[in-house]
Amino acid sequence: MSPMVERRPLQGSERGVIAGVLLLIALLVVMDVVDDLRQGASAWHVALEILAAGLALLGAVHLLRSTLRLRRRLVRQAEDLSQVRAQAEAWRQQARRHVEGLSRSIDAQLEGWRLSPAEKEVAFLLLKGLGLREIADLRGTHEKTVRAQSASIYAKAGLAGRSELAAFFLEDLLVPRADLDPGLTRPAAPPAP
């Protein structure tokens, strides 16, 4: 059993070259047929050469048509890709504005809790999900310092810990699906045992 050879499709330029060669072959065969007719060649010989010229011409036409179809499809795909990229960029811009607004709101709340600049930085890093050791490494301090700053943040905010800190800012962002669509209902509570 011979190994399968993976074929790649012909590129547009390759198709054009092959079509050009086939057109040249058809032209040369037609010229030969004309010459053969002048010299009195047999009918079967002339018919065979006309068939060869016709096949070469059909091959060239087929390649040129498929190349044009391929080019049109690629142009449509490029237009579609441009539209998708434009939509993605618009979404990114809108999301960036929302994130910036959220960041300003969080900063205002941290100011309201009267956090020091270092505590505000730690609070933002806690909200991003970094661990105490990661925050200490990032800020170039000791983990013990970050732990003390975290405790101070929670005390000033009146919160029990990191999960309550995150919930304070995220609770209203994560609206349950049933609240978005009044037609949806929440799952029923499991029956009591």
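Note: hydrogens, waters and symmetry copies are ignored here, and every other heavy atom, side chains too, is used. Position 1 is the first residue of the sequence, and the numbers go up from there.
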Test log, rule side chain to side chain contact (heavy atoms under 4.5 Å, CB included), inputs Arg73 and Leu70: CA-CA 5 Å; Arg73 190 174 76 224; Leu70 177 63; 3.3 Å; yes
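- For Arg96, the CZ atom counts as densely surrounded, since its 6.0 Å shell holds more than 12 non-hydrogen atoms of other residues, nucleotides or ligands.
- Side-chain contact between Leu126 and Leu132 is present, with at least one heavy-atom pair separated by less than 4.5 Å.
- The main-chain N or O of Leu63 is found under 3.5 Å from a side-chain atom of Thr67 such that the two form a donor-acceptor pair.
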Does the side chain to side chain contact (heavy atoms under 4.5 Å, CB included) test come out yes or no for Phe124 and Leu110, once each step is laid out? CA-CA 9 Å; Phe124 270 112; Leu110 297 180; 3.8 Å; yes
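- For Glu89, the salt bridge (Lys or Arg N to Asp or Glu O under 4.0 Å) partners at least two apart in sequence or on another chain are Arg92.
- Here CD of Gln149 is found 6.0 Å from OG1 of Thr141. Values are rounded to the nearest 0.5 Å.
- Rounded to the nearest 0.5 Å, atoms CD1 (Ile25) and CG (Asp32) are 13.0 Å apart.
- In terms of heavy-atom proximity, Val46 sits nearest to Ala41 at CG2-CB, 4.2 Å.
- No chain of hydrophobic side-chain contacts below 4.5 Å, direct or via other Ile, Leu, Val, Met, Phe, Trp or Tyr residues, connects Ile50 to Leu48.
- Residues Leu74 and Gln77 form a side-chain contact, since some pair of their non-hydrogen atoms from C-beta on lies under 4.5 Å apart.
- One finds the CG atom of Leu102 at 15.0 Å from the CZ atom of Arg97 (value rounded to the nearest 0.5 Å).
- When every heavy atom of Ala60 is checked against every heavy atom of Leu22, the shortest pair comes out as N-CD1, 3.6 Å.
- Of all heavy-atom pairs between Arg139 and Ala118, the closest is NH2-CB, 3.4 Å.
- Contact of the Phe168 side chain with the Leu127 side chain is not registered, since no non-hydrogen atoms from C-beta on lie closer than 4.5 Å.
- Leu64 and Ile18 fall into different hydrophobic clusters, defined by Ile, Leu, Val, Met, Phe, Trp and Tyr side-chain heavy atoms under 4.5 Å apart, directly or through other members.
- Under the 4.5 Å side-chain contact rule for hydrophobic residues, Leu138 and Ile153 share a cluster.
- In this structure, Glu143 CD and Thr145 OG1 are separated by 10.0 Å, a value rounded to the nearest 0.5 Å.
- Atom CG of Leu57 and atom CG of Leu23 lie 6.5 Å apart (nearest 0.5 Å).
- With a 6.0 Å radius and a threshold of 12 heavy atoms from other residues, nucleotides or ligands, Arg85 has its CZ atom at or below the threshold.
- For the residue pair Lys156 and Arg114, the shortest heavy atom distance occurs at NZ-O, 3.2 Å.
- Leu159 contributes atom CG, which lies 5.0 Å from atom CH2 of Trp113 (distance to the nearest 0.5 angstrom).
- Here the shortest heavy-atom pairing between Glu134 and Gly129 reads OE1-O, 4.4 Å.
- Looking only at distances, a side-chain donor or acceptor of Ser150 sits under 3.5 Å from a matching main-chain atom of Val146.
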Given the rule in the side chain to side chain contact (heavy atoms under 4.5 Å, CB included) test, do Lys120 and Glu111 qualify, once you have shown the distances and angles that lead to the verdict? CA-CA 8 Å; Lys120 282 174 57 176; Glu111 284 287 331; 2.5 Å; yes
